[in-house]
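Since the structure comes first, as structure tokens, the remarks are kept for the end.
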Amino acid sequence: MISDLAYICLIVVATAATVGLAGFFESLRGQ
Amino acid sequence: MTTNALFQIVLFLAVLMGLAWPLGAYMARVYQGRPCGLDRVLGPFERLLYRVSGVDPGREMDWKAYAVAFMMFSGVSILLLYIQQRLQVALPLNPDGMAAVAPDLALNTAVSFATNTNWQNYGGESTMSYLTQMLGLTSHNFLSAAAGMSVLAALIRGLSRRESRILGNFWTDLTRTTLYILMPLSVVLALVLVWQGTPQTFEGAATAKIMEPTGYDNPLKDDSGQPVLDQAGKPKTEPATMTEQTISRGPVASQEAIKELGTNGGGFFNVNSAHPFENPTPFSNFLEMLAILLIPAALCVTFGIMVLDRRQGLSILTAMTLLFVVLLGACLMSEQAGNPKLAALGVDQTATEGAAAQPGGNMEGKEARFGITDSTLFAAAATGTSCGAVNSMHDSYTPLGGMVPMLLIQLGEVVYGGVGSGLSGMLVFVIVAVFVAGLMVGRTPEYLGKKIEPYEMKMASLIILIPPFLSLMGTGLAMLVPEAKAAIANPGAHGFSEILYAFSSMSNNNGSAFAGLSANLPLYNLAGAACMFLGRYWLAIPTLAIAGSLAAKKIVPQGAGTLPTHTPLFVGLLISVVLVVGALTFFPALALGPIAEHLGLVGR
């Protein structure tokens, strides 16, 4: 159960971080 | 190379190119939103899907909105597949009573199928319920492939549009790819496979009395299911006799069809397309190889049509085909030459044709019914395209023969490549090739009239560097951890190749296994999941960033200094860039694995 919660959190965090990557790449434009 | 081999390869490539042309034209219609024929039948269903899900198909997205939709879809896919595997014991369609999948294995499998990798650290027939195979794995075969093709469609629009911020609608692209391309092709192929003998049933495993009872040593287990050990620490056994055989079956044909067409590769059975139920006949083998390469090759035609210059698609298709043929030839000839150690003992490994035909060469790990040609052709098709399917065990190839599938993966899955992701990757190499050529002649590089500037090069560099970084770091990590090193079946250079192949396969979203590596360990499951996730999504996001940047640019008129990108010269330049970047990055690692093994084999 604990590992299930940990893995679910990991999936959510990794997805959110990758979405954030799009914002970071957008900020690189024009530099 | 035998005449038979040459004939089969020429026939295969001729059929592939013959079918790629009309399919490419059809897919261009799908992505341009033009009538494609099937929309008359499936159009109402498509519109119903949009209404139910609240999608406005006319509302196009900029690259960031497209990337967010793509990532949200992928994240939810991973989450749902993970939960389904953990709960499969309580869900229907589980006639063989499969238990819940272990957490680390479920995470690895969820990421694997959502990323179109289909790396399998489990045996399908002994781990997954029918519901998990169908609703979880097969549906992801469709959706992950469609998501990859959608990203490609956005990139092509970025190259073809001028001064625009929008790249299309991710949900529309996903739906139209699934409905109008993947599903019709899969239904046709699944029916043909059923005709050839592939099972499609909900009934559980069958039991058959075997012709000759066989004696074996049955390992003893205690009440908790653990092996009973003797004083020396070895498992205790008792003599037993086997009189019956359990024959696994299930909804195989439907998974098999999309497994190949979507360049997924995850088989219903553990041995994949070497299993007679997944791949019953030479004809099914031919169709499966064709299905693996068909969409990636046809997408080059689609690209040419969408950028209004068919020669551009043709030049990329030519570069892919030349790389494919040369590497296939190297693999085939290495396997056909056989084992030099056996030759030194006087064993005749020459192929003979006619009435006394025998394949010669190295037949270890290959199906006798497919032989060396169809095994190596399948291996090259599946590893060049991010399709992890296998019909022979690459681990049993000669060192140089086994290096070719590994190299095809390490080139970045662009030799035809995965559906969508392959051509995207090749277009990134095109951008790098154009940039290199621009540096050589001192002009601003441009492709299809779009100036290639530092931003595109930064994104292209990330796309090219991330998979080798993941592959090599993962291999290095595994070599440092004793538990991970103990999972290899062979010591020395061959064992190193097993680990290098595994991380190359996962990081490049291929999914095929070299075999010989017992990778169902928490370390491999977690490190592999990370490699597959980053190798897919951290490439797709910069790809969409390039698309967004290019779409916003003006189209510069062609001048005397413009590098033509449809000529044989450019095809040669593109091949050089792919080989230099892809092959040289991995050369030191390959020298420690297959090259060292080869030298050991031919040395005294």
Side-chain angles (χ1 to χ4, degrees), chain A, chain B residues 62-83 85-87 100-108 110-111 114-115 453-456 458-459 462-463 466 522 525-526 529-530 532-534 536-549 552:
Chain A
M1 190 63 192
I2 291 172
S3 53
D4 283 330
L5 283 175
Y7 289 145
I8 288 169
C9 287
L10 189 65
I11 294 167
V12 173
V13 169
T15 305
T18 309
V19 169
L21 199 65
F24 173 66
F25 287 157
E26 178 68 7
S27 71
L28 289 179
R29 277 177 76 173
Q31 286 186 14
Chain B
D62 65 9
W63 85 265
K64 272 195 303 175
Y66 204 100
V68 170
F70 168 75
M71 263 327 292
M72 295 310 291
F73 173 76
S74 301
V76 170
S77 294
I78 296 172
L79 205 56
L80 290 179
L81 184 50
Y82 176 84
I83 292 168
Q85 290 175 85
R86 297 288 294 140
L87 297 179
V101 181
D104 56 312
L105 179 59
L107 178 74
N108 184 284
V111 175
T115 56
E453 293 174 295
Y455 181 75
E456 288 80 41
K458 283 177 195 167
M459 295 297 113
L462 271 177
I463 292 165
I466 285 175
N525 282 331
L526 297 180
M532 290 185 281
F533 188 95
L534 298 173
R536 170 78 164 185
Y537 303 124
W538 285 43
L539 268 57
I541 302 298
T543 300
L544 288 168
I546 291 177
S549 174

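Order of the sequence lines fixes the chain letters, A, B, ..., with proteins taken first and strands second; residue numbering starts at 1 for each chain.
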Query raised in the report: For Leu462(B), is it the side chain, the backbone, both, or neither that has a heavy atom closer than 4.5 Å to a heavy atom of chain A?
Result: side chain
Requested in this report: Sort Ala65(B) into side chain, backbone, both or neither according to what part of it lies under 4.5 angstrom from a heavy atom of chain A.
Outcome: neither
Report task. State, yes or no, whether a side-chain contact exists between Leu526(B) and Tyr7(A) at a heavy-atom distance under 4.5 Å. Result -> yes
Query - Side-chain touch Thr15(A)/Leu79(B), heavy atoms, less than 4.5 angstrom - result: no
**Report entry** Minimum heavy-atom distance Ala552(B)-Arg29(A), with the two atoms named
**Finding:** CB-NH2, 3.9 Å
**Report entry** Close side-chain approach of Phe533(B) to Ile11(A), heavy-atom, < 4.5 Å
**Finding:** no
Query raised in the report: Under 3.5 Å, is there a donor-acceptor pair between the Tyr82(B) and Asp4(A) side chains?
Result: yes
**Report entry** Heavy-atom pair count under 4.5 Å with chain A, highest-scoring of Leu534(B), Leu544(B), Leu107(B), Val76(B)
**Finding:** Leu107(B)
Query raised in the report: Given the options Pro542(B), Ala110(B), Ala545(B), Gly75(B), which has more heavy-atom pairs under 4.5 Å with chain A than any of the others?
Result: Pro542(B)
Query - Largest heavy-atom contact set with chain B, pairs under 4.5 Å, which of Ala16(A), Ala6(A), Ala22(A) - result: Ala22(A)
Report summary line: Honestly, the part of Ile8(A) sitting under 4.5 Å from a heavy atom of chain B is both
**Report entry** Nearest heavy atoms of Phe25(A) and Met459(B), plus distance in Å
**Finding:** CD2-CE, 3.6 Å
**Report entry** Tyr537(B) side chain to Val19(A) backbone, donor-acceptor under 3.5 Å
**Finding:** no
